[in-house]
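Here the structure is a predicted model, which is why all the values come from computation and not from measurement. Order of listing sets the numbers, starting from 1, for every ligand and every atom in it.
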Amino acid sequence: MVLRMALLLLALAGLLTGGVPEVRAQAGPVLAVLPSDDALATGQVYTVSLYLTGGVEVNAFDLIVEYDAEVLALNTWEYGDYLSNLTTVIKPVNEPGLFHLVVTQLVTPPVSGDGTLLELTFEGLQPGLSSIRITKADFNGNNDPWLEEGRLLVHTDPSTLPSCVLRGRIDLQGSASSAGVPVRLGYGRAHWLGPYAAITAAGSGDNLTIPGVAPDTYPVYTAMPRYLNLPGSEITLGSNCAPLAPLMLLGGNAVWQVEVDGVLVLDETIDAADLALVEAQYLQSGAGLDGDVNFSGRVDIFDLALVAGNYGRTAGESYHFSKP
Ligand SMILES: [Ca+2]
Ligand SMILES: [Ca+2]
């Protein structure tokens, strides 16, 4: 008993000097939620691991894990196989949205290397997206791990919902073809099903077909080069998936993507930059010219007319779906 108390105190002393993990380069130990990203239906359970990589002589830990209590509940937890002969130092706290565990090994050599510290089994309560964040990770010794959070998406069980085929037509202003427009429906607002993706087909009539869509309200995005794209305009689909109202993407967006913080994002305005590019490439021919905003193979007066006609338009104010 005396030995046990002494070990506990030793372990606690190590924990108390650990402090709050700092953000730093990922050179030392890493504590990650694995898998980092997955989905489950309401009422289902899902187990994630807290996996430690590169631990150094670990004997005890003090961990807090936080998540969205409206979306998930932590049903059960178990020790992984990294440490053994574990005993809790404080009574584990498992309250909605927060799990706090302080444990130490008893009369067991410290462990180095990789392995699972804990397994946490969550239940999906209602549709939504919850991060699973390690908000405290104090270890004994020289461990100050880099923390990697995970997330779980909870959606309605699709077998409990009707589904239908969404059809519609999207045209490209000033272009003879309306094929090849990438269309995406984001996650449904109520059920968190999706995303759904399709590419418009050639020909007349409906050129957009997305099967297996559950009724919900979805943001709709397009990603067509040289056009002003749908920026997530919402549509509400009933159980019969009434067809989309016909839509024409506005042309003239020669500068259709821009780099922001090293990432290419869609440009949502037709402005001086688009005009300048069309003018710079005026009367050139070829496939790779973004100034050829109507994909005719040549930059000419028709491209200039599209830019001029839509000058000042932005994606946010240009598109609205009429609700079926
Ligand atoms: Ca632009
Ligand atoms: Ca053209």
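Using a 3.5 Å distance cut-off with no hydrogens or angles, the side chains of Ser178 and Arg169 do pair a donor with an acceptor. Under the 3.5 Å distance criterion, with hydrogens and angles disregarded, a donor-acceptor pair is assigned to the side chains of Ser296 and Asp292.
At least one N, O or S atom of Asp292, from either the backbone or the side chain, sits less than 3.0 Å from the Ca ion (ligand 2). Using a cut-off of 3.0 Å, one finds that Asp267 contributes an N/O/S atom close to the Ca ion (ligand 1). At a threshold of 3.0 Å, the Ca ion (ligand 1) has a backbone or side-chain N, O or S atom of Val255 nearer than that distance. In summary, no N, O or S atom of Gly297 is located under 3.0 Å from the Ca ion (ligand 2). For residue Asp274, an N/O/S atom approaches the Ca ion (ligand 1) to within less than 3.0 Å.
By the 30° and 60° cut-offs, the orientation of the rings of Tyr227 relative to Phe295 is parallel.
With respect to the salt-bridge test (charged N to carboxylate O, under 4.0 angstrom), the residues Arg189 and Asp216 do not qualify.
Annotation: angle subtended at the Ca ion (ligand 2) by Arg298 O and Asp303 OD1 is 120°, to 10°.
For the side-chain contact (heavy atoms from CB on, under 4.5 Å) with Val65, the qualifying choice from Thr135, Ile132, Val48 is Ile132, the only one to do so.
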